[in-house]
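It should be emphasised that the depicted structure is a prediction, and the values quoted were computed from it without experimental measurement.
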Amino acid sequence: MISNALRGFGLVALLALGLGGCAAALPRPVETNAALGKVVVYRNGVAYFERYAKLEGKALKLRVPGERIDDLLKSLTVVDAATGAPIPVSFPTLEQLGDEVEISLQLPTPAPESLRLSYVTESPSWKPTYRLKLSKKGPAKLEAWAVVDNVSGEDWTRVAVGVGSTSALSFRYDLHSVRVVQRETLTDGELLGAAPPTGGSPYAVAGKELAVLANVSADDLLAQGDAPAAVEESEPFYDDAGPSSVGSGQGQGLGARRAAPSVRAPKPAKPRKSASVDEAVSAVVTRALQNNEKIRIEGFAVSGDQDRVAASLSRANVMRDRLLAGGLPADQVEVVGTGKAAQGEAVRILALQGEVKAEQPKPTSAADQAGDPIGDAFFLSPTPLTVNKGSSALVSILNSEVKAELVYYYDPLSARGSDKLAFRAALVENPSEHTLDAGPFTAYSEGQFLGEGMTDAIPAKSRAFIPFALDRSLIVETEEAGHEAIDRLLTVQRGIVTAEARSIRSTKLVLINRGTEPALTYVRHALAPGFKLEAPAEDFEKLRGAYLFKVTVPPGGSTTLNIEESTPIEKTVDVHTPSGVDEIALYLEAVKTLPVELREKLAQVIQMHRELADLDDRLSTIGTQIEMYRQRVDELNVQLMTLRKVPQAAQLSRSLAKKMDEISEQLQKATLESASIEGERLTRRVALEDRLAELTLESRKEAESPKAAGS
């Protein structure tokens, strides 16, 4: 019965689509005289079928294709259609599984007049598709459709058709095979000759059950090419179908058509012919892949090994490489170097039973156990539909007004994103109480096609972005930078400071709107691994592990978004250097509760550094002046030497000589001043070194971080 939450969805539209050439390859249906009443198709490869039958006698016949028998036995429920009470049924043991199996369900006495049967069987997944119609004058409209393929092999005539959403689990499980457990044969006490016990598999190691698959000698392990390598005999393993050679996969008797279940029972050892190492590897890989078992390789030492552990581990790794080359996943193999010697053995291969087994899903509620469809939600047509075999149906599952607005969406992270332009997108809210699965969206506005987009699954009452066009009216310019900031001093020793700090990455985004209307834009940004967001501290959301920042860009203008992220680091600062002094100065400005004595000492060090820097600047300036004076003196000297050869230039020579004397005097004063400043600089440097030697910090608790200070 359809719930009230689904009544407003208008699930009545149906568009039949032919499957063309695939009709000839349709699977065979479950044949029965029980009429089909409901089909719910899920996205995990199965469909739920519900049938109704009027009884004549005490038996109900089903003709089931061999490939569907396990699904039917796993999920079949039979209830009284009038009362809903479960009905116990019996059926003949399936000694042989053919292409088709006829099952006669024997009912109890007295039998009900009518029955309801339900079961789950293999079916293609349904596909979602959406239409979004935007409007400037009113609310938007969202249509959701499900494409359902009828490849069940039978017509669905006036059937309630539905689709299930996302969470239902499904798996294959062998229920038709008869499982025989080998039991030990005991005697009545007859006199027998004493004999030693038979060794071999399985045996317990560290509480885990192991089955020996093969023993390999050192010579066989190193054999090359196709040369035969003797593999020592071990016990065969047994599956539910009967005995087989190691990893052969050739089961005998019941269940020989299918891969054997992962249940193992030990049986007495039987002789086995020797095989090459390659054949043993192939057999082990086949068995491990079929049964999803973990393989352990134990390596042994031989006479002459100096490092017995390393040698045994090396032999185990040689066999591991062969198994990996044969196609066995690395996570299903473990190697052990025993360091022990075993008579005639270099490597032993074992199957660790009970490992790497897939967990079976557990029902989530009593309703699940009762056979109701499982899933986050399911949409069921309120009116019967007809879908012929070999055809598909486009079934409406949602037709509703929605909250939607046109926005810009800047996504430089996705594989098909853009780091220069923003996408035109629709921000849509799911109006239903159920998840809308991921699928394609087609966007329209006022009868005009806008574009197409894809979205992830949209949970109930939540929003989703649907980018449908790459708009060139919104351009984004990006600039990245980085710096470090000290949070807390840990130790100070002779001018070397160890501190807790943050490495800060800054991303500056300039959004330029070339349009004529304000552009509401959402910017997607992912933090670097190990970093956390510093700024902006508000007006953001998260989407698929990344942050989403909301900004509005004025028409014909621009907006700047600064994103800062940081990660904690420990760094060393050398207060002897100008860069180290600058970092400590910034730290003192940020920290308000630093101990007074330590703050004063650090402030004195910073002041002395600045005074030294001023002296360095003065020395640099004077040095430049001295160089200029010397160049000028040299130039005048050359000119005077030239003028002495000209008798008429006596007056000019006297003028140049006077000018050279003045510059020489200035050069002398500058040289004396430079020497004086150099002496003062040396004195101040010694005083700074003494101050740094006195500056110590041993306890982490003597300093507080800026965050603690401000709290």
Check [X] against [Y] and note the closest heavy-atom contact, atom names and distance.
X: R681; Y: L612; result: O-CD2, 3.6 Å
X: P554; Y: T559; result: CD-OG1, 3.4 Å
X: V428; Y: A404; result: CG2-CB, 4.1 Å
X: V575; Y: V581; result: O-CG2, 3.3 Å
X: L421; Y: Y410; result: O-CD1, 3.7 Å
X: L134; Y: A140; result: CD2-CB, 4.0 Å

Side chains of [X] and [Y]: closer than 4.5 Å at any heavy-atom pair?
X: T478; Y: T507; value: yes
X: V553; Y: I512; value: no
X: L142; Y: L436; value: yes
X: D634; Y: V638; value: no
X: L533; Y: I563; value: yes
X: V402; Y: L132; value: yes
X: H525; Y: L527; value: yes
X: L520; Y: E405; value: yes

Which value, rounded to the nearest 0.5 Å, describes the distance between [X] atom [atom1] and [Y] atom [atom2]?
X: L667; Y: E662; atom1: CG; atom2: CD; value: 13.5 Å
X: E479; Y: N562; atom1: CD; atom2: CG; value: 9.5 Å
X: I295; Y: E334; atom1: CD1; atom2: CD; value: 9.5 Å
X: I606; Y: I584; atom1: CD1; atom2: CD1; value: 7.0 Å
X: T498; Y: K571; atom1: OG1; atom2: NZ; value: 11.0 Å
X: D437; Y: T455; atom1: CG; atom2: OG1; value: 11.0 Å

Test item: [X] side-chain N/O and [Y] main-chain N/O as donor-acceptor pair under 3.5 Å:
X: S312; Y: R308; result: yes
X: N637; Y: V633; result: no
X: R684; Y: M608; result: no
X: E517; Y: P555; result: no
X: S314; Y: A310; result: no
X: T521; Y: A519; result: yes
X: E565; Y: A528; result: yes
X: S414; Y: G417; result: no

Distance-only criterion, 3.5 Å: show the donor-acceptor pairs between side-chain atoms of residues 461-476 and protein atoms not counting sequence neighbours.
| from | atom 1 | to | atom 2 | distance (Å) |
| --- | --- | --- | --- | --- |
| K461 | NZ | P431 | O | 2.7 |
| S462 | OG | P459 | O | 2.6 |
| R463 | NH2 | E541 | OE1 | 2.7 |
| R463 | NH2 | E541 | OE2 | 2.9 |
| D471 | OD1 | S473 | N | 2.8 |
| D471 | OD1 | S473 | OG | 2.6 |
| D471 | OD2 | Y408 | OH | 3.4 |
| S473 | OG | Y408 | OH | 3.0 |

Check this for me: does any side-chain nitrogen of one of K136 and E446 sit under 4.0 Å from a carboxylate oxygen of the other?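 No, no charged N to carboxylate O under 4.0 Å.
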Parallel, tilted or perpendicular for Y444 and F449, by the 30°/60° rule?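 Perpendicular, since the angle between the ring planes exceeds 60°.
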Ring centroids only, cut at 6.0 angstrom: are Y130 and F441 within range, meaning strictly under it? yes
Not counting sequence neighbours, which residues clear salt bridge (charged side-chain N to carboxylate O under 4.0 Å, His left out) with R632? List them please.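 So R632 forms a salt bridge (charged side-chain N to carboxylate O under 4.0 Å, His left out) with E635.
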Would you say E689 has more than 12 foreign heavy atoms packed within less than 6.0 Å of its CD?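 Check passes, neighbour count above 12.
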Greater than 12 external heavy atoms within 6.0 Å of M454's CE: yes
With sequence neighbours left out, which residue pairs that include part of residues 600-639 fulfil the ring pair (Phe, Tyr, Trp, His ring centres under 6.0 Å) condition?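 Of all non-adjacent pairs touching residues 600-639, none passes ring pair (Phe, Tyr, Trp, His ring centres under 6.0 Å).
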Y522 ring centre to K550 NZ or CZ under 6.0 Å, with the angle to the axis within 45°?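 No - K550 does not lie over the ring of Y522 by the 6.0 Å and 45° rule.
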Listed partners of R315 passing side-chain hydrogen bond (donor to acceptor under 3.5 Å, both in side chains), at least two apart: D305
For D574, give me all partners under side-chain hydrogen bond (donor to acceptor under 3.5 Å, both in side chains), at least two apart in sequence or on another chain.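 Expected list: H576.
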Does the side chain of T338 pick up a donor-acceptor pair with the side chain of E298 at under 3.5 Å?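 No, because no side-chain N or O of T338 sits under 3.5 Å from a partner of the opposite role on E298.
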Judged by modelled atom types alone, do S503 and T567 share a side-chain donor-acceptor pair under 3.5 Å? no
Working for side-chain contact (heavy atoms from CB on, under 4.5 Å), residues S566 and R505: CA-CA 6 Å; S566 68; R505 295 179 51 174; over 6 Å; no
Side chain to side chain contact (heavy atoms under 4.5 Å, CB included) against S655, all qualifying residues, sequence neighbours excluded: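 Result, side chain to side chain contact (heavy atoms under 4.5 Å, CB included) vs S655: none returned.
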